[in-house]
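Treat the numbers as computed from the prediction; the structure is a model and nothing was measured.
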There are 2 protein chains.
Amino acid sequence: MGATKTDHFTDKQNAIAILLKALAHPARVAIIEHLLKVKSCICGDIVKELPLAQPTVSQHLRELKNAGIIKGNIEGNAVCYCIDEKTIDKLQFYFANILIESSNNNQCC
Amino acid sequence: MGATKTDHFTDKQNAIAILLKALAHPARVAIIEHLLKVKSCICGDIVKELPLAQPTVSQHLRELKNAGIIKGNIEGNAVCYCIDEKTIDKLQFYFANILIESSNNNQCC
DNA sequence: TTTTTATATTGCAATATTACGATGAAAGGT
DNA sequence: ACCTTTCATCGTAATATTGCAATATAAAAA
């Protein structure tokens with residue numbers, strides 16, 4: 001025990017959980033917000049912005065990329081990261097849908 | 001090491017991360033989806049729906065409640081849970097905002 | 001070619017999460 | 001009073017995550 005029982009849930013449920021888990025860390029939220037702030041792709045300056053060591057930032061970037069939240073392009077010496085809007089759109093849609101379905105319910109608490 | 005360096009991030013970043021972490025597990029996603037499906041509050045039948053033992057489900061429900069994603073009312077012998085729409089609205093707004101800000105950016109990847 | 005710059009990977013210690021059996025608490029039914 | 005039902009809590013084992021020093025890699029600059 002200790003491992004999530006992924007097999008017992010639907011693919012969609014696991015997919016959403018993986019996306020949310022990728023963003024469920026303040027450092028990774030900060031990375032996304034920095035990407036928005038600089039209004040362009042980031043190439044390395046994230047390490048200077050975050051209060052974390054370079055390997056830690058690199059690890060967080062990899063997790064965001066694996067989940068499909070950001071995209072990364074090798075640009076010569078540096079690497080260029082930016083937000084994958086398609087994935088954020090999925091999340092926005094997911095929560096918007098919960099709100100729609102939820103408003104039809106007869107709330108009791 | 002091992003613990004998230006919460007102190008180094010803003011309150012907003014931590015707050016979003018906590019909300020997303022609460023939903024970053026397929027069992028908790030499944031709980032929310034069941035709440036939507038039954039179109040009412042759930043009073044105990046979640047344990048039968050999920051492939052997890054009762055203490056595990058109870059623990060997941062507590063995490064969702066602590067994060068403010070669901071509300072819970074004691075109803076005699078049973079407990080009645082339902083979605084807190086205000087919190088889902090926060091999340092929906094957060095992602096919608098990312099999309100708006102992101103569309104102003106000159107994407108390079 | 002050597003050095004520098006930028007990022008990734010490895011290995012590991014500290015901590016957190018997940019899952020569940022056992023047990024507890026509290027209300028309802030008999 | 002006694003049992004049953006419903007849910008929470010405790011304790012604990014298995015596993016995952018976080019963070020970083022050390023090291024590797026790979027392209028640019030000198």
Considering residues, nucleotides and ligands other than Ile74(A), do more than 12 of their heavy atoms fall under 6.0 Å from its CD1? no
Among the nucleotides [options], which one has an atom lying closest to any side-chain atom of [X]?
X        : options                   : value
Ser58(A) : dT9(C), dA19(C), dC7(D)   : dT9(C)
Pro55(A) : dG19(D), dA21(D), dA22(C) : dA21(D)
Val79(B) : dC20(C), dC7(D), dG19(D)  : dC7(D)
Thr56(B) : dT9(D), dA19(C), dC20(D)  : dA19(C)
Ala3(A)  : dT7(C), dT15(D), dT18(C)  : dT15(D)
Asn77(A) : dA8(C), dT18(D), dA28(D)  : dA28(D)

Check the angle between the aromatic planes of His25(B) and Phe9(A) and answer parallel, tilted or perpendicular using the 30° and 60° thresholds.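 If you compare the ring of His25(B) with that of Phe9(A), the planes turn out perpendicular.
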Less than 4.0 angstrom between a side-chain N/O of [X] and OP1 or OP2 of [N], yes or no?
X        : N       : answer
Arg62(B) : dA8(D)  : no
Tyr81(B) : dT6(D)  : no
Lys21(A) : dT17(D) : yes

DNA chain C: 5'-proximal contact among Val47(A) and Leu52(B) (nearest heavy atom):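 On the 5' side of the pair lies Val47(A).
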Please compare Leu61(A) and Ala24(B) by the position of their nearest nucleotide in DNA chain C and report the one closer to 5'.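 Nearest nucleotide further toward 5': that of Leu61(A).
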Check if the side chain of Gln54(B) and the base of dA8(D) share a donor-acceptor pair of N or O atoms closer than 3.5 Å. yes
DNA chain D: 5'-proximal contact among Ile74(A) and His25(A) (nearest heavy atom):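 Its nucleotide being nearer the 5' end, the pick is His25(A).
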For [X] and [N], give me the distance from atom [atom1] to atom [atom2], rounded to whole Å.
X        : N       : atom1 : atom2 : value
His60(B) : dT9(D)  : NE2   : P     : 15 Å
Glu63(B) : dC7(D)  : CD    : C1'   : 16 Å
Phe9(B)  : dT18(D) : CZ    : P     : 11 Å
Asn73(B) : dC7(D)  : CG    : P     : 13 Å
Gln59(A) : dG11(C) : CD    : P     : 14 Å
Ile46(B) : dT6(D)  : CD1   : P     : 13 Å
Arg28(A) : dG19(D) : CZ    : C1'   : 12 Å
Asn14(A) : dA16(D) : CG    : P     : 14 Å

Looking only at non-hydrogen atoms, find the nearest pair between Leu52(A) and Ala27(A) and report the distance. CD1-CB, 3.6 Å
Search all heavy atoms of Pro26(A) against all heavy atoms of Thr4(B) and return the closest pair with its distance.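 Heavy atoms only, the tightest pair is CG-CG2, 3.7 Å.
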Is there side-chain contact between Lys71(B) and Lys65(B), with at least one heavy-atom pair below 4.5 Å?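 Side-chain contact under 4.5 Å: no.
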Any side-chain heavy-atom pair from Val29(A) and Asn14(B) closer than 4.5 angstrom?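 Contact flag for Val29(A)/Asn14(B) side chains = no.
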